[in-house]
> 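Before anything else, here's the structure in question.
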Amino acid sequence: MKRQGLQRKYRNLPRWIVFAVAAFVMNFPVISTISASLKTGAEISRNPGLWVYEPILQNYAAILEVTERLNIFAYLQNSLIASLIGAILPIMLCFPVAYAIARRGYGTNVIFPTIVNLRAMPLIIFAIPLYMMYRTVGLLDTSLGLGLILAVVNLPLALLLLVNAINDVPYELDEAARMDGARIFRVLVKIVLPICLPALATVFIFSFITAWNEFLFGLMITTTRAVPMTVGASFFFSSGGAGVQWGVAAAVIVVASLPPVVLGILMYKQISRSMTAGAVKG
């Protein structure tokens, strides 16, 4: 028995080696950035490799120091508010629409394909009209204005995922609820919504990450009060014409990446459950 166990372990050894190498290659930029954030500028120039001989935390202390020009906490707050708006609003808008498309077939020939295909268009196309419209209504340099744009960006993916999720819900459950006297709203909230929670969690995570990483609209419509983390991070790259401070730049990138990474790790089970839902049907 022991010999069989050892043989099984050795048989799986090449597979684990390949897995380790692939994981290292795919995460090499992340590892390199973390390594650089723990080095001084002199050590980065002298030792560009991954190994850190004398780890320091001064780079993180530098970006956490609030000044009149730089405030990482404000950037994080602005990104959090805009990303929450950009992740929650598409769910609220798309869930009832997805139910109408999946159950009644409304818009399946024109509206649904048009909305989904909008995501394939370059976002820069909408830059000028959105800027002019925002200037007219007073939404420039506001977290609400940025969040509304991010919500529009996330609408196609949210609608596509939710339509597929509702299609996987047995229609017999709707019919049974209606036979008991339940109206459409009650069926949607009490029957369909609980079953689609994994899909809703997936939509929220993908929308939040997309909104958090958005740079174009953050650069275009914000200046001082509502600057998101993606734009604010670039302010730390240089100081007083001294050139790029690679250690500080790496540290701010690490901090800016933490919220979506932590959210993805915490909600991993929901994502995997949503991706496998409907894969096996009786």
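Numbering of residues begins at 1 and proceeds along the displayed sequence.
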> Please check if Ile184 and Val169 belong to a single hydrophobic cluster, counting links between Ile, Leu, Val, Met, Phe, Trp and Tyr side chain heavy atoms closer than 4.5 Å.
yes

> Counting only heavy atoms not in Phe215, do more than 12 sit closer than 6.0 Å to its CZ atom?
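Correct, the count exceeds 12.
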
> Could you give the distance from CD1 (Ile91) to CG (Leu162), rounded to the nearest 0.5 Å?
7.0 Å

> On a heavy-atom basis, which atom in Ile221 and which in Gly145 lie closest, and how many Å separate them?
CD1-C, 4.1 Å

> In terms of ring plane angle, is the pair Trp51 and Tyr53 parallel, tilted or perpendicular, where the classes change at 30° and 60°?
perpendicular

> Do Val254 and Val231 sit in the same hydrophobic cluster, where Ile, Leu, Val, Met, Phe, Trp and Tyr count as joined when their side-chain heavy atoms come under 4.5 Å apart?
yes

> Mind checking side-chain contact (heavy atoms from CB on, under 4.5 Å) for Ala251 and listing every partner two or more places apart, or none if nothing turns up?
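Expected list: Ser37, Asn59, Tyr60, Ile63.
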
> Shared ILVMFWY cluster between Phe126 and Met133, side chains joined below 4.5 angstrom?
yes

> Do Ile209 and Met26 belong to the same hydrophobic cluster, where Ile, Leu, Val, Met, Phe, Trp and Tyr are linked whenever their side-chain heavy atoms lie under 4.5 Å apart, directly or via other members?
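No, Ile209 and Met26 fall in different hydrophobic clusters.
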
> Under the side chain to side chain contact (heavy atoms under 4.5 Å, CB included) criterion, do Leu38 and Leu57 qualify, and how do the steps go?
CA-CA 6 Å; Leu38 300 174; Leu57 295 176; 4.1 Å; yes

> To the nearest 0.5 Å, tell me how far Ile101 CD1 sits from Ile115 CD1.
6.5 Å

> Using the rule given for side chain to side chain contact (heavy atoms under 4.5 Å, CB included), can you reason through Leu157 versus Ser207, listing the C-alpha separation, both sets of side-chain angles and the distance that settles it, and then say yes or no?
CA-CA 8 Å; Leu157 178 62; Ser207 299; 5.6 Å; no

> Roughly how far, to the nearest 0.5 Å, is the CG atom of Leu193 from the CG atom of Leu200?
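Interatomic distance, Leu200 CG to Leu193 CG, rounded to 0.5 Å: 6.0 Å.
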
> Are Gln58 and Thr40 close enough, and set up right, to give a side chain to side chain contact (heavy atoms under 4.5 Å, CB included), and what steps lead you there?
CA-CA 8 Å; Gln58 281 86 342; Thr40 63; 6.0 Å; no

> Of all the heavy-atom pairs spanning Ile166 and Cys196, show the shortest one and how long it is.
CG1-SG, 4.0 Å

> Would Phe95 and Val203 count as a side chain to side chain contact (heavy atoms under 4.5 Å, CB included) if you check the C-alpha gap in whole Å, the side-chain angles of each, and the deciding distance to 0.1 Å?
CA-CA 11 Å; Phe95 188 66; Val203 171; over 6 Å; no

> When rounded to the nearest 0.5 angstrom, what distance separates CG in Leu150 from CD1 in Ile85?
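So the CG of Leu150 and the CD1 of Ile85 are separated by 9.0 Å.
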
> Applying the 4.5 Å side-chain criterion to the ILVMFWY set and letting contacts propagate, would Ile34 and Val261 be lumped into a single cluster?
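Looking at the clustering, Val261 is in a separate group from Ile34.
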
> When rounded to the nearest 0.5 angstrom, what is the spacing between CD1 in Ile88 and CG in Asn154?
12.0 Å

> Any side chain to side chain donor-acceptor pair (under 3.5 Å) pairs touching residues 123-141, not counting sequence neighbours?
Asp141-Thr223, Asp141-Thr224

> Show the nearest heavy-atom pair for residues Trp212 and Ser79, with the distance to one decimal.
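So the minimum-distance heavy-atom pair works out to CZ3-CB, 3.6 Å.
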
> Distance check, rounded to the nearest 0.5 Å: Phe112 atom CZ versus Asn117 atom CG?
9.5 Å

